[in-house]
Each structure stands twice: as structure tokens, then as C-alpha cells.
Chemist: 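For reference, the structure I am asking about is given below.
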Amino acid sequence: MEKINNKQLVEDLLAWYDANARILPWREEATPYRVWVSEIMLQQTRVEAVKPYFERFIHALPDISALAHASEDTLRKLWEGLGYYHRVSNMKKAAIQCMERFNGQLPSTYDELLSLSGIGAYSAGAIASIAFHQPVPAVDGNVLRVFSRVWVIEDDILKESTKKKFQKLLMEVIPKERPDAFNQAVMEIGAMVCVPNAAPKCHICPLAPHCKGYQTGVTHKLPVKAGKKKRTIEKKYIDVVVYEDKILLQQREKDGLLAGLYEFNTFDYPQEEELFLSTLDIEKIVPLKDSKHIFTHKEWHMSGKLVFIRKKIKGNLVSMQDLEEHYAIPSAYKAYKEGLIEWMKHM
DNA sequence: GAGACGTGGGC
DNA sequence: TGCCCAAGTCT
């Protein structure tokens, strides 16, 4: 990799980006706060999924101070359906850290950004380069894919050591004049042209003249990713308890899966469910369809029912309107929430 | 380093 | 249906 080749590669890449960059909400006005919010939302999440959440979030919480003072329930509701809920919890922590340590502003250097909750190597590089024009790499899945093909690097891209290796290599390539455009351009190429599996659009790729993988016909074999483990299956028994026009909700544990979100009463074993039901004065039970929800590392196989009760019980009984407006419920419960709504219509 | 941590879309 | 994935981070 001689410098002279890199220079031409960078030039071709930036020219392509200038002509082909998508118009995205967070690109139009790249303030540090907007860039930060967008980068966190975009972690492991598609652009199309992020768009509506981004606008709503920025409108509800326009700056770091607003975020630092927002309640956890408000934040979970703004994040409802986006997944990886620890992201928004960490953003609030980071906002408070900014108030305490950085005068209420986002810091501008890679190391300072890296010190904040929820900001790792990628996000620190992305924010430092895009919002503050610092010449640091932002190595995400796109960058790993694109350059493992361009340079034919066969290291497992899931390994931390591989990411470090690419970070170091890219330090030598990233242009001091336009680090923001460079990092976004590589990601854009990865998302639009140098796409995963056997479908890269090399015939329209500005990097093709510089791409060793393309020239040697090994693009489809890159990047190398180690195999994943099998998901475990968990059975869940769901009781949607209804008293008059209110629904019983439980809040999940503060840590772990779907931390702090709300759910209908959920049990791991039928015996537990039976015990719970035996404490209620039941008017009638309406079975709902079985449902399956797939997480990254596990599956929930759920069976559920509506349980109408005659006698009020202690617990979090909320109206349908309150549920919709204030309580964040995981997508895993979608089928049962819909079953509930269908029944409430008939009442 | 390995595993936890969501969701919805594409083929 | 099932598997891969999408702008990762934390423990």
C-alpha cells in the first residue's frame, strides 16, 4: 500500500460520495448532538428504521440538558421498538457526564468521547470526525467489509484485534482535510455498493480500480466472519389480565434483557402461571394465538390468553390510552397487544 | 475473548 | 421457514 495509491483511492471515493451521498436528516445539520444521537441509533440498526425515531427524539429532547433531565420511562418510550434499550440508558448517563465534566457540551476529541457511557471505538471516531472534523477512523461493519475486500484481508472481522488492525491501517489513509466525508463515504459505499454476501455491485464501484479483491475475484469470499452459535429456545406463558377497562402491566428488571420495559404477566412454567391465576377472581379466559419472537441470541415461544377478572387487584392497572402513551412494551408482545386491542374494541 | 443485548427486512 | 444481517458496546 503505497501512499500514492491511497491518494487516488481517497480522491475517487470522495468524488463518488459528493455525487451519490443520500440526503439523511442527521447529515443536513451535523451538530455534535444530532450526530451523537444518530450514531447511537444507527448501531446495529438500519437507516430506514432510524429515520422516524431520530426526528421524534430530537424534537422531544433538543439538547444534552434535556436528555440529562429526561425520565427513564420517557426515554424508553422514545426508544420503544428500536431495540438494544441499554443504548438510550447509556445516552442519559453520558449526557449527565457531559454536564459534569464538559460544561454541558459533547467533547471534541476521540479519547474524551470514548470516556463517555455508550460510546466505543466506532462511535468516538464517528463523532470526532463527523461533528468535529478530527482525522480519526470510524471502523464499523461497512468499513471492515469494504477494506477487507479492497486489501484482501482474511482476518475474522468479528475479533477485536481485527478491528484494531483496520483502525491502524486507516490512520494512514484518512485525509486530514475531509475526515468526515471519508468515513461517511466508506460507510455509504458499504451500504449501497459493497454490500454483504455475493451481491456487491463492483461494476459501479468507484473503488474497483483500487480493489485487490475485485481484481483477483475473491470479493464474494470476504469478509471472513466466524460462525455463530445456535439460539436457545425459551417457553413463555403470557397472561393479559383485564379488569374493567384497565390492563395489568409488570415492569421488567432494571438489568438484562429488555431492561425496565413493561410487559403483560409472563411466566417460564405453566405451574407458575396456574399459581398466579389461582389468586384471581376470574370472569372468563380467552385464549390467544401462539406466537414466536426471535432475539439475536434466544427465541421466545409464547402461548397467551386474555384473563378478565371481576375483582380489582393491586398492581399496575393502566388504561389502554395510558399504555399507548406512556409505557414502552417490547415488540415481543406485539401479537398479544394486538389481541388485546381487538377485544377492547368489542367492549 | 465470548456472550448478552432487539428488531425488522431480504432472500 | 430459517439464516444473515445493520453505522457496536459492555461485562
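Chain identifiers are assigned alphabetically (A, B, ...) following the order of the sequence lines, protein sequences preceding nucleic acid strands; residue numbering begins at 1 within each chain. Hydrogens, waters and symmetry mates are skipped; everything else that's a heavy atom, side chains included, is used.
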Chemist: So that I can tick it off, tell me whether A/Arg76 and A/Glu80 are bridged by a salt bridge, with the cut-off set at under 4.0 angstrom between side-chain N and carboxylate O.
Modeler: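 Salt bridge absent between A/Glu80 and A/Arg76.
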
Chemist: A/Ala121 near the nucleic acid: base, sugar-phosphate alone, or nothing, with a heavy-atom cut-off under 4.0 Å?
Modeler: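 Sugar-phosphate contact only.
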
Chemist: Under 4.0 Å between a side-chain N or O of A/Ser117 and OP1 or OP2 of C/dT9?
Modeler: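 Indeed not, no polar side-chain atom of A/Ser117 lies that close.
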
Chemist: Check each residue of residues 17-32 of chain A for a non-hydrogen atom within less than 4.0 Å of any atom in DNA chain C, then write out the ones that pass by number, or none.
Modeler: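 Per residue number, the list reads A/Arg22, A/Leu24, A/Trp26, A/Arg27.
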
Chemist: Does the distance from a Lys or Arg side-chain N to an Asp or Glu carboxylate O, for A/Lys305 and A/Glu273, drop under 4.0 Å?
Modeler: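 Yes, A/Lys305 and A/Glu273 are salt-bridged.
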
Chemist: Name the residue from A/Tyr333, A/Trp300, A/Tyr237 that meets the side chain to side chain donor-acceptor pair (under 3.5 Å) definition with A/Thr266.
Modeler: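 When side chain to side chain donor-acceptor pair (under 3.5 Å) is applied between A/Thr266 and each of A/Tyr333, A/Trp300, A/Tyr237, only A/Tyr333 qualifies.
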
Chemist: Check this for me, if you would: do A/Asp18 and A/Arg178 make a salt bridge, where the nitrogen-to-carboxylate-oxygen distance has to be below 4.0 angstrom?
Modeler: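 Salt bridge between A/Asp18 and A/Arg178, a charged N being under 4.0 Å from a carboxylate O: yes.
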
Chemist: Sticking with atom P, work out how far C/dA6 lies from B/dC5, rounded to a whole angstrom.
Modeler: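 These two P atoms come out 23 Å apart once rounded.
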
Chemist: If you assign A/Leu258 and A/Lys229 each to the DNA chain B nucleotide with the nearest heavy atom, which residue ends up on the more 5' nucleotide?
Modeler: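 Its nearest nucleotide being more 5', the pick is A/Lys229.
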
Chemist: Scan A/Lys311, A/Lys312, A/Arg310 and name whichever one has a side-chain contact (heavy atoms from CB on, under 4.5 Å) with A/Tyr243.
Modeler: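 Running side-chain contact (heavy atoms from CB on, under 4.5 Å) over A/Lys311, A/Lys312, A/Arg310 with A/Tyr243 returns exactly one hit, A/Lys312.
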
Chemist: Under 4.0 Å between any heavy atoms, over every strand shown, what does A/Ile40 touch: base, sugar-phosphate, or nothing? Just pick one.
Modeler: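 Answer is nothing: A/Ile40 stays at 4.0 Å or more from every strand.
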
Chemist: Just checking A/Phe276 against A/Phe267, ring centres under 6.0 Å apart?
Modeler: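 Yes, they do, as the ring centres are separated by less than 6.0 Å.
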
Chemist: Just call it for A/Thr45: base, sugar-phosphate, or nothing, with non-hydrogen atoms closer than 4.0 Å on any strand.
Modeler: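 Base, at least one base heavy atom under 4.0 Å.
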
Chemist: Answer yes or no: is there an ion pair linking A/Lys235 with A/Asp268, defined by an N-O contact shorter than 4.0 Å?
Modeler: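 Here A/Lys235 does not pair with A/Asp268 in a salt bridge, since their nearest N and O are not under 4.0 Å apart.
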
Chemist: Return yes when atom CG of A/Asn103 has more than 12 non-hydrogen atoms of other residues, nucleotides or ligands closer than 6.0 Å, and no otherwise.
Modeler: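 Counting other residues, nucleotides and ligands, CG of A/Asn103 stays at 12 neighbours or fewer.
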
Chemist: Can you list, in residue-number order, the parts of residues 185-196 of chain A that come under 4.0 Å of DNA chain B, counting heavy atoms only?
Modeler: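 Contacts with DNA chain B under 4.0 Å: none.
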
Chemist: Within the structure shown, what part of the strands sits under 4.0 Å from A/Glu160 by heavy-atom distance: base, sugar-phosphate, or nothing?
Modeler: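 Sugar-phosphate: the residue A/Glu160, judged by heavy atoms under 4.0 Å, touches backbone atoms but no base.
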
Chemist: Strictly under 6.0 Å, is that where the ring centroids of A/His59 and A/Phe57 end up?
Modeler: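 No, ring centres 6.0 Å or more apart.
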
Chemist: Looking at A/Lys159 and A/Asp156, is there a salt bridge between them, counting it only when a charged N and a carboxylate O are closer than 4.0 Å?
Modeler: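 Looking at A/Lys159 together with A/Asp156, the answer is no, because their closest N to O distance does not fall below 4.0 Å.
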
Chemist: Return whichever of A/Leu257 or A/Ala49 has its heavy-atom-nearest nucleotide of DNA chain B closer to the 5' end.
Modeler: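 The answer here is A/Leu257.
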
Chemist: Suppose we call two aromatic rings close when their centres sit under 6.0 Å apart. Are A/Trp79 and A/Tyr84 close by that rule?
Modeler: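 No, too far apart.
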
Chemist: Just call it for A/Val50: base, sugar-phosphate, or nothing, with non-hydrogen atoms closer than 4.0 Å on any strand.
Modeler: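 A/Val50: no heavy atom of the nucleic acid under 4.0 Å.
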
Chemist: Which part of the nucleic acid, if any, lies within contact of A/Lys225, taking any heavy atom under 4.0 Å across all strands shown: a base, the sugar-phosphate backbone alone, or nothing?
Modeler: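 Answer is sugar-phosphate: A/Lys225 comes under 4.0 Å of backbone atoms only.
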
Chemist: How far does the C1' atom of B/dG6 sit from the matching atom of C/dC5, given to the nearest Å?
Modeler: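 To the nearest whole Å, 13 Å.
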
Chemist: Walk along DNA chain B from 5' to 3' and tell me the first and last nucleotide with an atom closer than 4.0 Å to a non-hydrogen atom of chain A.
Modeler: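 Counting from the 5' end, contacts occupy B/dG1 to B/dG9.
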
